[in-house]
Amino acid sequence: MDTSASSTSAAAPGQPAMSHEEYARSRHSVWLGAAALFTDEIGRVLLVKPTYRTQWLLPGGCMEAGEGPDETCRREVQEELGLSMPLGRLLAVNWLAPGHPDRTEGMRFPGEVRYVLDGGTLTPRDIARMRLPQDELSGYEFLDARAAAERMIPVDAQILLAALRARLADTTAHLSGGRHVGPVPPLDRYQVLTQPRAGRDWPWHPGRAPEHLPIPQAWGWLFAPDGRVVLDIDPAEPLAMLPGGTVEPTDASPEAALVREAAEEAQLTLGEVERLGWVHGAAGEVYGRIGECARLRRSPGPGPHRLIRTAGGGSPGYWPRLIRLPPSWAGAIRAISKRSRRHVSPGRDGGSRSPHRHRSRDSPPKGGLS
């Protein structure tokens, strides 16, 4: 059947003709809404607290007559936050059926289609400019993914997490009742959460670490021949981490530590390891405040045989998974690798050993997983 706006009311043979008015009345009517997913500079999600309900929400609201999702979202952001700013791409669309258990009891509910758009990152200056309507919203808060989901009704929490993971993965989530329609993406399949921390702002340096800085840990971007990257997923959290960890006294170098950790955690055999660069820790907080230190980032060199998956599973505490990188990530890492190979500043291949066994999770850079 032609369901376009220009569809005629011509009847099939043997059926009575419908007028335009009758045809319009026969079309299914549902509620429509749109919301924006904003995060702060360390990745926490913005939720607002309505005055008329106990649960928290993403900024957004109902579509008015003639509006599209992007228009609704911009208007609601202006009304609820006092911000006028461009919005990004569609992160998720959800169909909520009339009989869903999370619907409001006692209210006629024909079903709802809700869109979630990417609001982007709010800077401290943006946050300072926010003005909430006191009669509609009693407050706002930036929360990590787990805490944000706990403040929402179940279906809203499912939509939030699917949208957040779609932003990370550079995809769009098609949902029904908060659940994926079709194959479940990797980050949702393993229910990966984000754990924002200020450490993401540590300065990045290509090439070798200076001689005077201890190197307590080494991490690696490990690629399969088809371009996917290995992430360890801790089922207890669950958080996605790059393979790697502590440089032990028995390791000949940070490179050797990465080779050992990859074998222990993910049953991976690495070929030649290339240095990508290092990040600077001013106080070494994650290692018990050991002082100024460097955290290394490495990658197997180019070529199809640099990363070989061996038989068996990974470490009992982790799930090794191959995740496809968005093109922007892969291009950025290749560019970093090229710059690192050209880097000629003095430094060393080896590293100081740290007696601390503390494992600090190492998150991929901002952008996404898929």
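Positions are given from 1 along the sequence. This structure is a prediction, so every number in the text was calculated from the model and none was measured.
- Residues Thr72 and Glu64 are not in side-chain contact: their nearest non-hydrogen atoms beyond the backbone lie 4.5 Å or more apart.
- When side chains are defined from C-beta on, Leu193 counts as touching Leu161, because their heavy atoms get closer than 4.5 Å.
- How far CG of Leu58 is from CG of Leu46: 8.0 Å, rounded to the nearest 0.5 Å.
- At a threshold of 4.5 Å between non-hydrogen side-chain atoms, the residues Asp232 and Glu261 do not count as touching.
- Between Leu96 and Trp31, every side-chain heavy-atom pair lies at or beyond the 4.5 Å cut-off.
- Taking CD1 from Ile153 and CH2 from Trp56, the interatomic distance works out to 15.5 Å, rounded to the nearest 0.5 Å.
- Applying side chain to side chain contact (heavy atoms under 4.5 Å, CB included) to Ile159 and the options Leu37, Leu164, Val116 leaves one that passes, Val116.
- Here CD of Gln158 is found 9.5 Å from NE2 of His180. Values are rounded to the nearest 0.5 Å.
- Atom CZ of Arg125 has 12 or fewer heavy atoms from other residues, nucleotides or ligands within 6.0 Å.
- By the 4.5 Å heavy-atom criterion applied to side chains, Phe142 and Ile42 are not counted as neighbours.
- Listed here is the closest heavy atom pair of Ala162 and Leu175: CB-CD1, 3.8 Å.
- Side-chain contact between Asp156 and Arg114 is present, with heavy atoms from C-beta onward closer than 4.5 Å.
- In plain terms, the two heavy atoms of Arg165 and Val192 that are nearest each other are NE-O, 2.8 Å.
- Side-chain contact, Arg260 with Thr250: no donor N or O sits under 3.5 Å from an acceptor N or O.
- Arg167 contributes a side-chain N or O that, together with a main-chain N or O of Gly120, makes up a donor-acceptor pair within less than 3.5 Å.
- Applying the side chain to side chain contact (heavy atoms under 4.5 Å, CB included) rule to Ser138 yields the partners Lys49, Thr51; only residues at least two apart in sequence or on another chain are considered.
- The closest side-chain heavy-atom distance from Arg129 to Asp126 is below 4.5 Å.
- Separating the CG atom in Leu57 from the CG atom in Leu47 is a distance of 8.0 Å, to the nearest 0.5 Å.
- Taking CD of Glu112 as the start and CH2 of Trp95 as the end, the distance is 9.0 Å to the nearest 0.5 Å.
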Quiz: residues 78-94 side-chain donor-acceptor pairs under 3.5 angstrom, not counting sequence neighbours:
{"from": "Glu79", "atom 1": "OE1", "to": "Arg75", "atom 2": "NH1", "distance (Å)": "3.4"}
{"from": "Glu79", "atom 1": "OE2", "to": "Arg75", "atom 2": "NH1", "distance (Å)": "3.4"}
{"from": "Glu80", "atom 1": "OE1", "to": "Gly60", "atom 2": "N", "distance (Å)": "3.1"}
{"from": "Arg89", "atom 1": "NH1", "to": "Thr171", "atom 2": "O", "distance (Å)": "2.6"}
{"from": "Arg89", "atom 1": "NH2", "to": "Ala166", "atom 2": "O", "distance (Å)": "3.0"}
{"from": "Arg89", "atom 1": "NH2", "to": "Thr171", "atom 2": "O", "distance (Å)": "3.1"}
{"from": "Asn94", "atom 1": "OD1", "to": "Gly177", "atom 2": "N", "distance (Å)": "3.3"}
{"from": "Asn94", "atom 1": "OD1", "to": "Gly178", "atom 2": "N", "distance (Å)": "2.8"}

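- Annotation for Gln191: atom CD does not count as buried by contact number, only 12 or fewer foreign heavy atoms lying within 6.0 Å.
- The shortest side-chain heavy-atom distance between Met63 and Pro69 falls under the 4.5 Å cut-off.
- The OG1 atom of Thr246 lies 4.0 Å from the CD atom of Gln217; values are rounded to the nearest 0.5 Å.
- Residues satisfying the side chain to side chain contact (heavy atoms under 4.5 Å, CB included) criterion with Ala157, sequence neighbours excluded, are Ala149, Met152.
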